[in-house]
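One structure is given here, and the rest of the page talks about it.
Counting starts at 1 for both ligands and their atoms, in listed order.
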Amino acid sequence: MNQVLRILLVDDNPGDRALVIRQLQREFPSVEVQEILEAEGLKNAVEAGQFDFVITDYQLRWSTGLEVLRTIKQRSPSCPVIMFTNTGTEEIAVEALQSGLDDYIIKQANRYIRVPAAVRVALERAEARRQAALVEIRLQGLLNQLKVGIFRSYPNGKFIECNPAFLELLGVDSLAQAEARNLLNTREFYSTLEALEPPQQQERELQLHRTDGTSIWVALSITLNTLEGQKVLDGLIEDITARKQVEIEIQQLNQTLEKRVRERTAQLEVANQELAQTNQKLGIVNQDLEEFAYSVSHDLQQPLRAIQGFSSMLLENQGKQSNRPVERQQDYLRRIIASTQQANKLIQDLLAYSRLTRTEMPLQPINLSLLMAEILRQLEPEFKQRLLSVHLEEPLAEVIGNRTILVQVITNLLTNAIKFVTPGVQPEVRIWTEKRGETVRLWLQDNGIGIAPKYQKRIFNVFERLHSNEVYPGTGIGLAIVRKGVERMGGRVGVESQQGQGSRFWIELPVATE
Ligand code: ADP
């Protein structure tokens with residue numbers, strides 16, 4: 001040991017002091033001994049604090065070794081002290097040991113030789129204590145800095161000890177408070193761990209609801225240990241609130257994202273469906289248009305071909321200074337006129353049909369009795385010619401509709417009723433209304449040629465005709481106008497018929513309430 005060892009030697013007996021000093025100097029070359037002979041000297045030395053070790057005699061004229069020990073320990077608790085005692089004063093030695101004495105030596109002549117060894121052992125023990133205290137301080141500092149809460153508890157839930165960080169994390173001032181508020185259910189932890197195979201250890205994450213209303217997330221690590229035969233639970237808690245918060249945010253973000261993806265997918269599906277429907281409709285419209293164009297050109301071709309044919313024949317005849325009779329030429333011209341009329345009628349009907357879809361259609365209550373009387377009056381010349389007999393079952397009901405369209409619809413139905421009769425048969429029409437809740441059905445029954453059931457739907461389509469122009473002239477648009485017109489007024493149309501047994505056409509419109 002190169003460092004100077006500074007020793008206070010408290011002894012009244014100069015001979016004993018000399019013996020001790022000799023022994024010390026033999027063992028420790030750089031020892032400095034300060035001899036204390038009375039109370040004042042001790043007081044000054046203690047205040048100055050310039051010593052590393054104290055050797056005191058028990059029996060002093062002015063004090064006792066025990067008093068000296070207490071004075072030293074009060075001022076420098078870690079300073080090692082050894083004491084000389086007389087034989088028979090072992091009880092005093094024990095008491096002194098309890099007060100922090102490091103060692104004692106029985107004061108006999110041959111025992112002074114033991115002094116250096118006793119000093120050495122006491123110094124080593126003091127150094128070990130100092131080291132341990134340093135480690136303890138460093139460990140404590142580390143644990144506090146880490147903000148890791150450490151606790152130990154009995155299986156019954158009672159806490160034994162903890163570090164300050166533990167209390168801080170729980171938001172309490174003492175372990176008693178933590179127990180009273182049952183912030184950590186250590187009893188439950190114990191029963192869980194007890195059921196496990198060794199190592200009885202577990203880690204979990206839990207939320208602590210603190211008494212000040214705040215809450216934190218902690219990672220808990222618990223182990224079941226045995227300490228001197230007693231089961232104890234050692235635990236470690238760490239604040240993971242920040243990480244948990246991020247986790248929760250990510251989770252929420254994912255959920256929002258999933259929701260948005262689901263919503264967007266649903267929107268796209270709807271959009272796709274709409275697109276598909278539109279495509280389908282466009283397809284149908286296209287198809288309709290194609291059929292329509294085909295039918296128009298087909299039906300127009302017929303009169304145009306006739307006009308062309310008869311005009312060429314007329315031209316031919318003129319060039320040849322024809323000897324054909326004038327009657328024939330007149331016949332050709334009549335046919336040409338008839339064909340132009342037919343083409344004109346076709347165009348007129350088509351225009352009427354297309355107007356139906358484009359013009360506005362204001363609706364109003366219409367008294368069918370009055371309307372029917374007016375229509376019959378207008379058509380009278382034609383009816384007279386065909387000897388039509390009409391039976392009106394008055395009174396007819398009132399409906400909601402458009403006057404102009406309704407006149408056109410009923411006129412078309414009446415014209416057909418007169419037209420489609422077996423030649424030579426006098427046409428007869430019966431007209432009546434039938435109330436059906438919120439609607440009214442207007443019936444027109446004829447004694448005509450009838451319609452086979454399989455054609456009854458088709459005849460309401462544009463250009464659908466069941467007979468040739470020669471037998472029953474027409475354009476095939478009349479019933480299409482009937483259907484479209486009624487539908488635009490919010491109603492429906494239909495027919496009941498059997499071939500050869502007359503037909504009963506009906507149109508259904510909303511009833512006009514008084
Ligand atoms: P058009 O009268 O110009 O032929 P419509 O659309 O009015 O065209 O009628 C379509 C077809 O329905 C007619 O060609 C005819 O075959 C059939 N039809 C219409 N009304 C009657 C009726 N009252 N009795 C028998 N057949 C009818």
Side-chain angles (χ1 to χ4, degrees), residues 288 291-292 294-303 338-357 372 375-376 379 382-383 385-392 405-432 441-488 491-507:
D288 276 0
E291 278 174 23
F292 193 74
Y294 174 80
S295 305
V296 174
S297 44
H298 178 265
D299 283 33
L300 265 175
Q301 247 173 1
Q302 204 185 334
S339 292
T340 44
Q341 277 170 346
Q342 197 193 336
N344 193 40
K345 174 90 173 77
L346 188 74
I347 289 162
Q348 289 303 323
D349 283 356
L350 268 178
L351 278 174
Y353 179 77
S354 75
R355 231 179 277 130
L356 264 185
T357 47
M372 198 55 78
I375 295 170
L376 291 175
L379 294 177
E382 199 177 329
F383 290 173
Q385 204 185 350
R386 304 293 306 266
L387 299 167
L388 168 72
S389 83
V390 179
H391 306 281
L392 270 180
I405 303 297
L406 208 47
V407 168
Q408 197 175 1
V409 164
I410 294 170
T411 306
N412 284 7
L413 290 174
L414 276 172
T415 324
N416 280 351
I418 304 165
K419 184 162 67 173
F420 295 103
V421 284
T422 316
V425 172
Q426 187 194 342
E428 281 174 20
V429 179
R430 207 181 120 228
I431 298 170
W432 73 99
R441 251 186 206 192
L442 171 69
W443 289 90
L444 284 98
Q445 181 183 321
D446 63 41
N447 60 340
I449 54 174
I451 305 152
K454 62 174 174 178
Y455 300 124
Q456 284 172 7
K457 265 219 166 80
R458 272 171 47 187
I459 52 172
F460 290 98
N461 292 339
V462 183
F463 299 127
E464 287 288 354
R465 310 199 64 239
L466 304 178
H467 310 94
S468 74
N469 219 18
E470 280 73 39
V471 186
Y472 293 109
T475 57
I477 300 173
L479 282 183
I481 287 177
V482 168
R483 189 180 70 179
K484 171 121 328 180
V486 170
E487 280 175 358
R488 279 216 64 193
R492 302 187 301 148
V493 294
V495 64
E496 291 175 2
S497 178
Q498 289 296 331
Q499 192 142 27
Q501 293 179 20
S503 312
R504 279 150 49 122
F505 280 86
W506 58 263
I507 63 170

Subject >> For R488, all residues meeting salt bridge (charged side-chain N to carboxylate O under 4.0 Å, His left out), sequence neighbours excluded >> reply: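 Checked R488 against salt bridge (charged side-chain N to carboxylate O under 4.0 Å, His left out); zero matches.
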**OP:** Would you give the length of the straight line joining atom CD1 of I347 to atom CD of Q342, rounded to the nearest 0.5 angstrom?
**Re:**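 Going from the CD1 atom of I347 to the CD atom of Q342 covers 11.0 Å.
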With a cut-off of 3.5 Å and sequence neighbours excluded, list every side-chain donor-acceptor pair involving residues 445-454.
from	atom 1	to	atom 2	distance (Å)
Q445	OE1	R430	NH1	3.1
D446	OD1	G448	N	3.0
D446	OD1	S503	N	2.8
N447	OD1	E428	N	2.9
N447	ND2	Q426	O	3.0

**OP:** Output all residues satisfying side-chain hydrogen bond (donor to acceptor under 3.5 Å, both in side chains) with K345, sequence neighbours left out; order by chain, then residue number.
**Re:**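 In terms of side-chain hydrogen bond (donor to acceptor under 3.5 Å, both in side chains), with neighbours along the sequence ignored, K345 is linked to D349.
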Original post:
Near ligand 1, which residues have a heavy atom under 4.0 Å away from one of its atoms?
Top reply: N416, K419, F420, D446, I449, G450, I451, I459, E464, R465, L466, H467, G474, T475, G476, I477, G478, L479, S503, F505
**OP:** Say whether, by atom type as modelled, one donor and one acceptor occur between the side chain of Y455 and the main chain of R465 under 3.5 angstrom.
**Re:**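 Checking the backbone N and O of R465 against the side chain of Y455, no donor-acceptor pair under 3.5 Å is found.
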Original post:
W443 vs W432 aromatic rings, parallel, tilted or perpendicular, using cut-offs 30° and 60°?
Top reply: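 Answer is parallel, since the angle falls under 30°.
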